[in-house]
Amino acid sequence: MTIRLYDTGARQIRDFTPLTPGCVSIYLCGATVQAAPHIGHIRSGLDFDILRRWFEYRGYDVTFVRNVTDIDDKIIQKSADQGRPWWAIGYANERAFNAGYDALGCLPPTYEPRATGHIPEMTEMMRVLIDNGHAYAADGNVYFDVRSFPDYLELSNQDLDDLRQPSGEGETGKRDPRDFALWKAAKPGEPSWDTPWGRGRPGWHLECSAMAHKYLGPVFDIHGGGLDLIFPHHENEIAQAKAYGDGFARYWLHNAWVTMSGEKMSKSLGNSVLVSEMVRRWRPIVLRYYLGTPHYRSMIEYSEEALREAESAFARIEGFVQRVVEKAGGAVEPAAEVPPAFAAAMDDDLGVPGALAVVHTTVRQGNSALAADDKEAAVARLAEVRAMLGVLGLDPLDPQWAEESDRGADLHGAVDTLVRLVLDQREAARARKDWATADGIRDQLQQSGLVIEDSPSGPRWTLGAR
């Protein structure tokens with residue numbers, strides 16, 4: 001068994017070899033809490049949740065760090081615009097992010113540090129960088145000297161001479177416009193902290209280097225985040241950390257975006273879909289299926305139609321689970337191991353689409369067993385399906401989804417009673433050989449989104465595409 005992952009730095013799929021045998025350390029760039037999350041934000045958390053679950057299934061002890069950036073230019077601007085404290089805006093949105101992660105079944109991180117709680121660690125990192133000639137102070141700011149680090153831009157594969165480094169307001173005193181801020185001098189009325197170079201606040205990039213060092217040490221296994229973070233954020237993290245003396249991340253993993261009309265989902269574009277709204281319109285487990293089952297390096301083009309297709313696909317899985325539980329007369333425990341084809345797909349750069357194909361194949365085999373009244377085979381297939389769905393965080397029988405399943409069961413029972421009344425009318429029409437009426441009833445039910453199957457034990461209904 002070897003897990004293989006696409007390493008952005010190497011630009012190829014590599015065998016994963018942990019720094020410490022049996023252990024995996026992961027740092028994921030988490031939320032910048034200037035606004036509530038849209039589904040594009042949550043996709044990253046979902047993808048790395050599945051990665052973590054797969055490592056744990058494979059027997060690794062996982063340390064998973066997901067940070068919170070609770071101070072930045074946008075938070076400060078919103079504070080000024082709204083007349084609210086910056087920390088109140090940050091905390092409210094941090095809670096919204098965690099509610100979104102929880103709603104979609106993400107396991108809580110091992111540690112979830114806030115940037116503002118680690119000013120001493122950042123100050124120490126800046127002191128060492130200045131002493132080693134990699135950084136300098138100017139006008140109360142502290143900058144990283146990119147020309148002092150020969151390997152700068154190796155992750156993003158850019159040419160330094162062509163670089164246009166993003167720069168913020170008030171970043172004065174740079175020796176080179178491509179140098180980036182480690183520390184920003186305080187402006188009147190803005191939040192600030194004391195350092196030997198004056199009061200100010202941290203630069204975005206410095207925060208993650210300092211927190212990764214504190215919680216995972218000078219070298220760790222995997223650093224993750226969205227594609228948009230490769231430059232400048234991750235490139236600058238590497239420069240700071242390695243110039244400080246850390247080996248830093250050994251593998252770099254990046255998830256693709258959720259797009260709308262071909263553009264990255266973004267609040268600035270006005271095309272975001274808030275998680276808080278989506279979970280009112282769609283079952284959270286369906287949203288997890290929709291966002292978590294494409295390959296993590298593939299773009300997801302958002303559309304209502306795509307969500308309906310995901311809902312129908314998951315309904316087929318869920319319907320099979322419910323039918324076998326009814327047949328078995330009680331709970332069916334997950335199998336101890338997932339099928340080999342599922343494991344092979346997951347080992348190959350977290351190939352969730354291939355793994356999901358194994359789930360659907362197993363469901364079809366289980367449905368065939370049900371049709372043949374082979375209870376033993378149906379139960380065996382359900383045990384395999386539950387094991388696979390558990391890895392993906394999609395097992396409808398898991399306690400995570402218990403409340404949602406209970407509500408669904410109540411609704412299913414009410415609908416079943418109503419549908420049975422109509423089906424009884426259809427059976428009466430068939431008994432008197434009134435085929436036109438019987439077919440008309442069936443067609444009306446299908447137009448309502450129900451699929452009617454005539455089985456040896458009588459008609460049964462399932463929810464079709466809506």
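Heavy-atom basis, side chains included; hydrogens, waters and symmetry copies ignored.
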* Asked: Hey, does Leu370 have a side-chain heavy atom less than 4.5 Å from the side chain of Lys327?
  -> yes
* Among pairs that include at least one residue of residues 103-112, which meet side chain to side chain donor-acceptor pair (under 3.5 Å), considering only residues two or more places apart or in two chains? -> Arg66-Glu112
* Structure fact -> Those residues at least two apart in sequence (or on a different chain) that pass side-chain hydrogen bond (donor to acceptor under 3.5 Å, both in side chains) with Glu384 are Arg381
* To do: Answer yes or no: is there a donor N or O on one side and an acceptor on the other, between the side chain of Lys264 and the main chain of Val258, under 3.5 Å?
  => no
* Asked: Should the ring pair His234 and Trp252 be called parallel, tilted or perpendicular, given that the plane angle runs from 0 to 90° and is split at 30 and 60?
  -> tilted
* Asked: Counting distance only, does the side-chain N/O of Glu235 pair as donor-acceptor with the main-chain N or O of Leu153 below 3.5 Å?
  -> yes
* **Shortest non-hydrogen separation from Ser209 to Gln240 and the atoms involved** => OG-NE2, 2.7 Å
* Asked: Between Asp398 and Arg386, is there a salt bridge with N-O shorter than 4.0 Å?
  -> no
* Asked: What do you reckon, is OH of Tyr57 surrounded by more than 12 foreign heavy atoms closer than 6.0 Å?
  -> yes
* Are the aromatic rings of Tyr27 and Phe64 close, with centres under 6.0 Å apart? -> no
* Are the side chain of Thr361 and the backbone of Ala357 linked by a donor-acceptor contact shorter than 3.5 Å? -> yes
* So His41 and Phe97, would you call those rings parallel, tilted or perpendicular, with 30° and 60° as cut-offs? -> tilted
* Asked: Trp204: what forms a ring-ring contact (aromatic ring centres under 6.0 Å, His included) with it, not counting sequence neighbours?
  -> His233
* Residue that, paired with Leu394, satisfies side chain to side chain contact (heavy atoms under 4.5 Å, CB included) out of Ile317, Ile285, Ile50 -> Ile285
* Decide yes or no for Leu307 and Leu287: does some side-chain heavy atom of the first lie under 4.5 Å from some side-chain heavy atom of the second? => yes
* Asked: Is the backbone N or O of Ala383 less than 3.5 Å from a side-chain atom of Glu333, with the two atoms forming a donor-acceptor pair by type?
  -> no
* **Side chains of Gln158 and Ser156, donor plus acceptor under 3.5 Å** => yes
* Backbone N/O of Ala369 and side chain of Asp374: donor-acceptor pair under 3.5 Å -> no
* To do: Side-chain contact test, heavy atoms from C-beta onward, threshold under 4.5 Å: evaluate it for Arg84 versus Ser79 and give yes or no.
  => no
* Structure fact -> Tested for salt bridge (Lys or Arg N to Asp or Glu O under 4.0 Å) against Arg201, the lone hit among Asp70, Asp73, Asp72 is Asp73
* **Within-4.5 Å side-chain heavy-atom neighbours: Tyr6 and Leu350** => no
* Structure fact -> Which of Asp395, Val359, Leu356, Val363 passes side chain to side chain contact (heavy atoms under 4.5 Å, CB included) with Met388? Answer is Val359
N/O donor-acceptor pairs under 3.5 Å from side chains in residues 223-232, not counting sequence neighbours:
residue : atom : partner : partner atom : Å
His223  : NE2  : Glu237  : OE1          : 2.9
His223  : NE2  : Glu237  : OE2          : 3.3
Asp228  : OD1  : Trp257  : NE1          : 3.3

* What distance separates Ile222 CD1 from Leu5 CG, expressed to the nearest 0.5 Å? -> 5.5 Å
* To do: Decide yes or no for Asn236 and Tyr152: does some side-chain heavy atom of the first lie under 4.5 Å from some side-chain heavy atom of the second?
  => yes
* Does Val219 reach the side chain of Phe248, with side-chain heavy atoms less than 4.5 Å apart? -> no
* Using a strict 4.0 Å threshold on nitrogen-to-oxygen distance, state whether Arg283 and Glu311 make a salt bridge. => no
* Asked: Is the gap between the ring centers of Tyr244 and His213 under 6.0 Å?
  -> yes
* To do: For Glu305 and Ser303, run side chain to side chain donor-acceptor pair (under 3.5 Å): C-alpha distance rounded to whole Å, both residues' side-chain angles, the deciding distance at 0.1 Å, then the answer.
  => CA-CA 5 Å; Glu305 181 182 0; Ser303 70; 5.3 Å; no
* Inspect the contact between Arg323 and Glu326 and indicate whether a charged nitrogen and a carboxylate oxygen are less than 4.0 angstrom apart. => no
* **Beyond-backbone contact of Thr63 with Ile26, side-chain heavy atoms, under 4.5 angstrom** => no
* Asked: Would you say the side chain of Leu46 lies within less than 4.5 Å of the side chain of Tyr101, judging by non-hydrogen atoms?
  -> no
* Would you check if the side chain of Asn67 reaches a backbone N or O of Gly30 as a donor-acceptor pair within less than 3.5 Å? => yes
* To do: For the pair Arg53 and Asp49, find out whether any cationic side-chain nitrogen is under 4.0 Å from an anionic carboxylate oxygen.
  => yes
* Exceeds 12 heavy-atom contacts within 6.0 angstrom, atom CH2 of Trp87 -> no
Side chains of residues 13-21: which donor-acceptor partners sit under 3.5 Å, not counting sequence neighbours?
residue : atom : partner : partner atom : Å
Arg14   : NH1  : Asp7    : OD2          : 2.6
Arg14   : NH1  : Arg250  : O            : 3.1
Asp15   : OD1  : Arg4    : NE           : 2.8

* Mind checking side-chain hydrogen bond (donor to acceptor under 3.5 Å, both in side chains) for Glu337 and listing every partner two or more places apart, or none if nothing turns up? => none
* Between Glu304 and Arg281, is there a salt bridge with N-O shorter than 4.0 Å? -> yes
